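Here is the structure we will look at.
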Amino acid sequence: MTAKFPHLRQDFAASLVVFLVALPLCVGVAVASGVPAELGLVTGIVGGIVTGLMRGSSLQVSGPAAGLTVLVFEAVQEFGLPVLGVIVLATGVLQILMGTLRLGRWFRAISVSVVEGMLAGIGLVLIAGQLYAMTDAKAPASGLGKIAGLPGALADAARNAEALASLGLGVATIAVLVLWKRMPAKVRTVPGPLAAVGLATLAGLAFSLPVATVEVRGLLDSVQPPSFTAFGELANIGVLATIVAFTLIASAESLFSAAAVDRLHDGPRTAYDKELVAQGAGNALCGVLGALPMTAVIVRSAANVQAGARTKASRVMHGVWLLLFAALLPGALAHIPIPALAGILVYSGAKLIPVREIVSLWREHRGEALILVVTAVSIVAVSMFEGVLIGLALAVAKTAWEASHLKLEVVDKGAGPVQAYLSGNATFLRLPKILDSLESLPQDRPVELDLSGLHHLDHACRTALENWAERHSAVGTEPVRVTTP
């Protein structure tokens, strides 16, 4: 057995660690997404067993992600839980198609600032929303509404004993997560999220705290495949936009996570197209089961690598442990306090906000820092989909502007022709500046325009330069002499 599976011991130990990390996160993401807690476990099981068996990235672990919580919650509120399965299924089919067409590697070309801005925006909305859950209050629908209403919600909680107990338990959960890294190594063998939820559950039971707990429906009762009528919603523009947003965000997060995990180990590198197909297969099955969408999750993946995993067996076994827990111990979920799960997601949301990266970018690449901040603010102020589109548009515009770098050098010796040298990339973005400079040249002098230093000359610039040469020559001076690239 050992000869056939030489790394079984390491993978078995790592699978237990990943299971203990994944369990509270699966439940917490499901509750925050407005779906039954068991559906989070279903996605974790599929991510472990199905996606885990497929080729792509050998050590990263998939499951329900905090990064999609806000979008899933909005989709469930707007379209209903039955339609969520259709959206997730369509997302999976699109991912499989993109992976088959070898588009996975192109996700690596997405601006890192846009991705970090996306995660920061998600983090801000997630934190704001879960602070309401910690006080057992109803959160406003919009991102700005959540943030604007927080002072009032916290003030109301301070005047209500039950809300104050709920908030205290959530804050204590966050404190445990923050301080867990400073605990002795032997204590830290228990993953922080499990310890925080476990201690909160014990406190709730020991002191009979008046806090809301997870509602348990049972695994089979929670799994509801989408009906044929739900597929009719694919004609809804809003549903199609949500599918595009799910596909873009889930794919980008998974492939960026794969790149991060590759830096943590010396094993086989990620095959991006195959990983995208694997993610798509998992999401397609999650959609058929009516469960949450999945992505590769950096928290679980890093825990897997750090726990000594050597092969994909560790993530498959973690899926088996989740399945056994969901089948044999579903009643244990009913004792978990919701404010504790909200505290875990507030902590997770804070880790999505790249404060150090923003400071570093501002010092070295202010344009990239601006894209990150605008993307995050747009997601909070407008919506997830529009915010990401705004960030992508800004990144493209910035790249186009930088790529169109152009230098005009004018040499006027006082006698003879005026010499103008253009070098760089002449695109329509720089056209106004080019024409202003050329039109300021003396009208009564011949001009020699040297374009040999241009790397690129687009059609708009070529036409505009020809028209300017005709106008300059029309006043009776010698025709403009042009040296083409």
Side-chain angles (χ1 to χ4, degrees), residues 24-37 40 66-67 69-74 76-77 120-180 192-216 333-353 355 376-377 379-381 383-384:
L25 290 173
C26 286
V27 176
V29 170
V31 172
S33 300
V35 306
T69 302
V70 176
L71 195 57
V72 173
F73 181 82
E74 291 175 355
V76 171
Q77 295 299 307
I122 292 168
L124 288 170
V125 177
L126 185 61
I127 290 169
Q130 292 309 300
L131 285 174
Y132 287 91
M134 283 170 59
T135 61
D136 198 21
K138 182 175 175 59
S142 68
L144 283 178
K146 287 182 176 72
I147 293 173
L150 271 178
L154 294 175
D156 291 341
R159 295 191 291 268
N160 184 308
E162 292 185 0
L164 203 56
S166 181
L167 179 62
L169 197 60
V171 171
T173 302
I174 297 171
V176 170
L177 289 168
V178 172
L179 297 174
W180 200 248
L194 183 70
V197 169
L199 290 171
T201 302
L202 290 175
L205 293 172
F207 298 105
S208 300
L209 296 177
V211 296
T213 54
V214 174
E215 182 181 343
V216 177
L333 298 176
H335 299 294
I336 299 176
I338 287 179
L341 296 176
I344 284 181
L345 289 174
V346 167
Y347 180 77
S348 299
K351 294 181 76 172
L352 291 175
I353 303 172
V355 178
V377 171
I379 287 172
V380 173
S383 74
M384 177 78 66

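Here the structure is a predicted model, which is why all the values come from computation and not from measurement.
Sorted by first and then second residue, the side chain to side chain donor-acceptor pair (under 3.5 Å) pairs involving residues 137-154 (not counting sequence neighbours) form an empty list. Pairs passing the salt bridge (charged side-chain N to carboxylate O under 4.0 Å, His left out) check and including a residue from residues 164-177, sequence neighbours excluded, do not occur.
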| request: For His335 and Leu205, run side chain to side chain contact (heavy atoms under 4.5 Å, CB included): C-alpha distance rounded to whole Å, both residues' side-chain angles, the deciding distance at 0.1 Å, then the answer. | output: CA-CA 8 Å; His335 299 294; Leu205 293 172; 4.0 Å; yes
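The side-chain contact (heavy atoms from CB on, under 4.5 Å) test applied to Ile127 returns Leu131, Val346, Ala350, Ile353, not counting sequence neighbours. Every side-chain hydrogen bond (donor to acceptor under 3.5 Å, both in side chains) that Asp156 has, sequence neighbours left out, goes to Arg159. Thr213 is linked by a side-chain contact (heavy atoms from CB on, under 4.5 Å) to nothing, counting only residues two or more places apart in sequence or in another chain.
Contact record, Gly349 with Leu126: CA-CD2, 4.0 Å, taken as the closest heavy-atom pair. The minimum heavy-atom distance linking Ile344 with Pro193 is given by the pair CD1-O, 3.7 Å. Of all heavy-atom pairs between Ile122 and Ile379, the closest is N-CG2, 4.2 Å. Taking every heavy atom of both residues into account, Val380 and Gly121 meet most closely at CG2-O, 4.0 Å. Across every non-hydrogen atom of Ala32 and Thr69, the tightest pair is CB-CG2, 3.6 Å. Taking every heavy atom of both residues into account, Pro24 and Leu341 meet most closely at O-CD2, 3.8 Å.
The structure places CD1 of Ile336 at 14.0 Å from CD of Glu215, a figure rounded to the nearest 0.5 Å.
Side-chain contact between Ser348 and Leu25: present, with at least one pair of heavy atoms (C-beta onward) separated by less than 4.5 Å. Counting heavy atoms from C-beta outward, Ile338 and Val211 have side chains that stay 4.5 Å or more apart. Taking 4.5 Å as the limit, some side-chain heavy atom of Pro140 sits within range of a side-chain heavy atom of Tyr132.
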Which atom pairs, one a donor and one an acceptor, fall under 3.5 Å between side chains of residues 163-178 and the rest of the protein, sequence neighbours left out?
{"residue": "Ser166", "atom": "OG", "partner": "Met134", "partner atom": "O", "Å": "2.6"}
{"residue": "Thr173", "atom": "OG1", "partner": "Leu169", "partner atom": "O", "Å": "2.8"}

